Structure formats: structure tokens, C-alpha cells
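Only one structure is covered here, and it is reproduced in the block below.
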Amino acid sequence: MDRFPIRMNNELSFSECKTPDTALYYRTSEIIIVDVQGERITIADAGLFDSPFNSFAANNRIYGELVSQQGNTLEFKLLATHPPDARPFPVLGEHDSKAILTLTDGRYHLHAYGTDDLGTMRGRLSNCRGWIFDAEEA
């Protein structure tokens, strides 16, 4: 499979760790770059929107590995471990995480979800949170 980067408009939502694929609330819109190369996917923040939230994940990358392909749909397992990188995004491996990239009518759609660790934050019962990407090719 050839390498192809895709610029996408993403609607970011958050969820609980136990059910990372079920949105609790919507947070923001953003531009992401989805790069598919062979059996690997990289999802990266493009840093093209002005939001205080953007500073948390600016230029971070999420990595995934192809687990299945059916027609124009590719399904990837998001990886807790990643290639050497200055800005990996910390996807937690103990919770469900995946990315589904579909080509429909000549345009790509990405649905991805997973969890990450917020580190030490006061007043939180858990440092884990879920997130959901719903992105359309720009």
C-alpha cells in the first residue's frame, strides 16, 4: 500500500475510560493529519487552530497497526508502544482503542477512539479519560 496523508476536519469528544467509544461531551473542532503508510496509520494534530486545549496535544502523534481490511474500510489497533518519536501521544493499552478509516464517495472518514492518562491532576477520581475522533476529509 502506498503512503498517503489526508488532511481532515475532526470533531473531538471525550468519554469515560470504561467506554471510550461512547461520547459524554463534545469539546472542540480541530484539523488533523492522518497518514497511512503500508500497514501503519499515524494521526497527528496539525496545530492549525487556536484553542487553549490545543497546547495539551500540540504536534503529538497517535500510531496504529492494521488489523483488518474489508473493501474500502481499514481497521487499525492504536498502539500503546510506538516508534521512537519526540511527541508520541500516550494511548493507554489496557483499554479498547481503534481507528476505522473508510473511503466513501471519494472522501475519507475517520472514526477513532482510545484513552490517555492525564497525569496528576487535583480533584480527579481517575487520571484516565477517553476520547473520540470523528473526522472528514477536508
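For clarity, every value in this text was computed on a predicted model and none was experimentally measured.
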Interatomic distance, CD@Gln69 vs CD@Glu39, rounded to 0.5 Å, equals 9.0 Å
### Query
So, does Asn9 use its side chain to make a donor-acceptor pair with the main chain of Ile31 at under 3.5 Å?
no
Residue pairs passing the salt bridge (Lys or Arg N to Asp or Glu O under 4.0 Å) test with at least one member in residues 63-75, sequence neighbours excluded, are Arg40-Glu65, Glu75-Lys98
Residues passing the side chain to side chain donor-acceptor pair (under 3.5 Å) test with Asp21, sequence neighbours excluded, are none
Residues passing the side-chain contact (heavy atoms from CB on, under 4.5 Å) test with Thr22, sequence neighbours excluded, are Thr19
Practice task
I would like to know whether Asp35 and Arg3 meet side chain to side chain contact (heavy atoms under 4.5 Å, CB included); could you show each step before the answer?
Solution key: CA-CA 7 Å; Asp35 192 3; Arg3 177 180 184 183; 2.5 Å; yes
In short, Met8 meets Leu101 closest at the heavy-atom pair CE-CD1, 4.5 Å
Value for CG (Asp96) from NZ (Lys18), rounded to nearest 0.5 Å, stands at 15.0 Å
The reported gap from CD1 in Ile43 to CZ in Phe133 (rounded to nearest 0.5 angstrom) is 6.0 Å
request  = Flag the pair Val67 / Phe76 as yes when at least one side-chain heavy-atom distance between them is below 4.5 Å, and no otherwise.
outcome  = no
Students should find that the hydrophobic cluster of Tyr113, defined by side-chain heavy atoms under 4.5 Å apart, otherwise consists of Ile132
query: CD of Glu16: more than 12 outside heavy atoms within 6.0 angstrom?
result: no
In terms of heavy-atom contacts, Lys77 and Ser97 come closest through NZ-OG, 3.3 Å
Rounded to the nearest 0.5 angstrom, the CZ-OH distance for Phe14 and Tyr25 is 5.5 Å
side-chain contact (heavy atoms from CB on, under 4.5 Å) filter on Glu136, not counting sequence neighbours, yields His109
With sequence neighbours left out, the residues meeting side-chain contact (heavy atoms from CB on, under 4.5 Å) with Thr73 are Ile100, Thr102
Looking only at heavy atoms, the pair that brings Ser29 and Glu11 closest together is OG-OE2, 2.9 Å
Only residue of Ile6, Leu110, Ile62 satisfying side chain to side chain contact (heavy atoms under 4.5 Å, CB included) with Ile32 is Leu110
Distance col, row Cys17:SG vs Trp131:CH2, nearest 0.5 angstrom, shows 11.0 Å
d(Ile41 CD1, Leu78 CG) to nearest 0.5 Å is 7.5 Å
Could you check if a side-chain atom of Ser15 sits within less than 4.5 angstrom of a side-chain atom of Arg129, using non-hydrogen atoms only?
no
Sorted by chain and number, sequence neighbours left out, side chain to side chain donor-acceptor pair (under 3.5 Å) with Glu137 holds for none
